[in-house]
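Down below is the structure, laid out as structure tokens.
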Amino acid sequence: MTVVTRFAPSPTGMLHIGSARTALFNWCYTRHVGGKFLLRVEDTDKARSTPEAVEAIFRDLKWLGIDWDGEPVMQSAREARHAEVARELLAMGKAYYCYCTPEELDAMRAEALAKGEQPRYNRFWRDRDPATAPAGVKPVIRIKAPLDGDSVVNDLVQGEVRVPNSQLDDMILLRSDGTPTYMHAVVVDDHDMGVTHVVRGDDHLNNTFRQKMIFEAMGWTVPQFAHIPLIHGADGAKLSKRHGAQGAMEFKEMGYLPEALCNYLLRLGWSHGDDEIFTKEQATQWFELTDVNAGPSRLDTKKLDHINAHYMKLADDARLAGMVLERIGSTDATHRERLIKGMPDLKSRAATVVQLNTDAQVYLKDAPFEYDEKAAHTLHDHDAHHAMHYIYDALARLGADFKADQIEAALKAIADEKYAGKLAKVMMPFRAALCGTMTSPPIAKAAEILGQGEVMNRLKAALHWMHDHGHHHH
RNA sequence: GUUCCCUUCGUCUAGAGGCCUAGGACACGUCCCUUUCACGGAUGUAACACGGGUUCGAAUCCCGUAGGGAACGCCA
């Protein structure tokens with residue numbers, strides 16, 4: 001039997017990071033067994049669903065490299081079918097009309113709660129003659145839940161879960177306006193789509209028993225379930241707004257690569273021995289639902305950073321340069337060229353594209369520019385002023401041979417002759433003048449990439465600045 | 001309140017009764033490398049929630065306790 005899975009998001013906003021992981025687990029498992037991975041958009045909540053959100057979810061999934069089989073199913077288009085199944089259940093005597101008003105239901109719940117019982121419907125209309133129904137009340141259709149015994153689900157992640165049927169409510173299948181409830185729509189759709197494995201967040205574990213009632217009442221095969229724990233924030237509480245980023249796109253904005261996010265998300269709650277870094281291909285080769293942990297796991301951005309840094313090193317230089325340029329909204333050809341040339345040194349030290357962007361500033365500005373506090377402090381130095389002149393003269397003489405090793409040799413010569421071999425005396429002012437900051441990629445290489453013209457401009461600007469701002473005497 | 005789920009270093013995890021003096025990764029500490037910041041290399045600190053069983057033997061099986069989470073809508 002071919003495995004069929006589905007990912008069923010509600011299009012009420014961005015793709016949540018937790019949903020992204022659920023989608024990833026579904027996808028990985030399905031590719032592992034060579035099944036079909038379907039998409040279903042649960043847009044029955046018309047008030048909250050938007051077409052933009054639908055597009056955003058598709059876009060985010062694609063960004064993560066998650067592809068799906070066939071056309072996505074729009075749940076809203078299937079309402080007639082949902083109603084049909086509800087009426088079938090009615091005809092089979094497995095469901096019934098209920099004429100209670102929302103006010104009456106509220107009262108029942110309050111009463112049950114007061115008695116220390118689970119709040120639920122008291123089954124008033126379950127065996128009552130519909131002929132006695134109050135006039136003018138549009139009924140809902142409720143399922144007849146089993147009255148005694150236990151229900152059991154063998155969950156692929158959680159193991160055997162047993163719940164007393166006394167806990168099950170005669171839940172509503174079809175609302176008084178004829179629209180299906182979520183619980184009902186999910187079951188009908190999962191069945192009609194031929195879903196064999198339902199992989200979803202464990203907040204649905206309890207719902208499984210309600211949904212199972214419908215499958216069984218219809219005589220349908222109940223799919224296999226795998227309830228994966230939700231992701232929690234660093235403090236162990238369920239991921240929410242106060243934890244910061246929640247949307248997959250927010251992680252993109254924070255500078256994470258999709259392949260790194262996928263690797264991290266997959267490793268969160270699932271493991272294959274001690275493997276930490278793996279490709280999607282390896283993951284699909286290894287992934288088993290039974291290897292997913294039953295306990296919830298916390299999002300750790302430090303580890304994400306580490307994994308991202310790994311993938312940054314592997315990433316193509318031009319691709320990374322494009323990301324930096326996209327961030328600052330630039331299409332400057334010179335900047336792109338410099339970035340690509342400097343990328344090997346840049347990407348080896350940055351954990352995220354945001355850091356990459358910061359470090360790349362050397363290549364993205366033109367003299368004269370501002371010096372940050374530390375750079376300004378360095379340039380205020382008396383020796384630095386002298387050094388700057390030596391550097392300027394030495395590099396001006398380099399001419400066509402403006403290569404990193406030539407530049408470095410020239411700077412070392414100055415250090416040897418003037419500063420007793422103390423390289424920092426030359427390098428640090430040079431760095432300050434070239435970058436405006438005291439951290440940068442290897443500065444001689446950066447100078448080569450910048451080219452002699454731009455380097456001389458920056459040195460000149462630094463000399464002007466030093467002249468204007470005076471210097472400290474030591 | 002009722003029902004259900006969860007619990008190994010700070011974090012993610014390995015672990016299927018003896019391979020466990022509990023392994024790996026991130027983070028943290030120290031050292032090395034080094035013109036800055038990083039990378040990298042080496043090394044160290046650090047955990048089986050608690051209490052009972054079962055067993056020759058338990059992180060692993062069972063029961064209880066504690067703590068955390070979820071569900072209980074004419075929301076999804």
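Lettering follows sequence order; numbering is per chain, from 1.
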With a 4.0 Å limit, can you tell me whether [X] has a side-chain N or O closer than that to the phosphate oxygens OP1/OP2 of [N]?
{"X": "N207(A)", "N": "rA76(B)", "answer": "no"}
{"X": "T439(A)", "N": "rA38(B)", "answer": "no"}
{"X": "R210(A)", "N": "rC72(B)", "answer": "no"}
{"X": "R175(A)", "N": "rA76(B)", "answer": "yes"}
{"X": "T44(A)", "N": "rA76(B)", "answer": "yes"}
{"X": "S440(A)", "N": "rU36(B)", "answer": "no"}

Inset, instruction - Return each pair, listed once, that meets side-chain hydrogen bond (donor to acceptor under 3.5 Å, both in side chains) where at least one residue sits in residues 386-395 of chain A; pairs must be two or more places apart or across chains. - result: H382(A)-H386(A)
What's [X] touching, base or sugar-phosphate or nothing? Going by heavy atoms closer than 4.0 Å.
{"X": "P229(A)", "result": "nothing"}
{"X": "M183(A)", "result": "base"}
{"X": "K313(A)", "result": "sugar-phosphate"}

Inset, instruction - Assess K365(A) against F369(A): is NZ or CZ under 6.0 Å from the centre of the six-membered ring, and within 45 degrees of the ring's axis? - result: yes
Inset, instruction - Establish, yes or no, whether the cationic atom of R142(A) lies under 6.0 Å from the six-membered ring centre of Y121(A) and within 45° of the ring axis. - result: yes
May I ask you to verify whether the side chain of [X] and the base of [N] hold a donor-acceptor pair under 3.5 Å?
{"X": "R298(A)", "N": "rU11(B)", "answer": "no"}
{"X": "K302(A)", "N": "rC26(B)", "answer": "no"}
{"X": "R267(A)", "N": "rC12(B)", "answer": "no"}

Legend entry - H232(A) side chain, from C-beta outward: closest of rA76(B), rG69(B), rG73(B): rG69(B)
Legend entry - Heavy atoms of other groups near E160(A) CD, more than 12 under 6.0 Å: yes
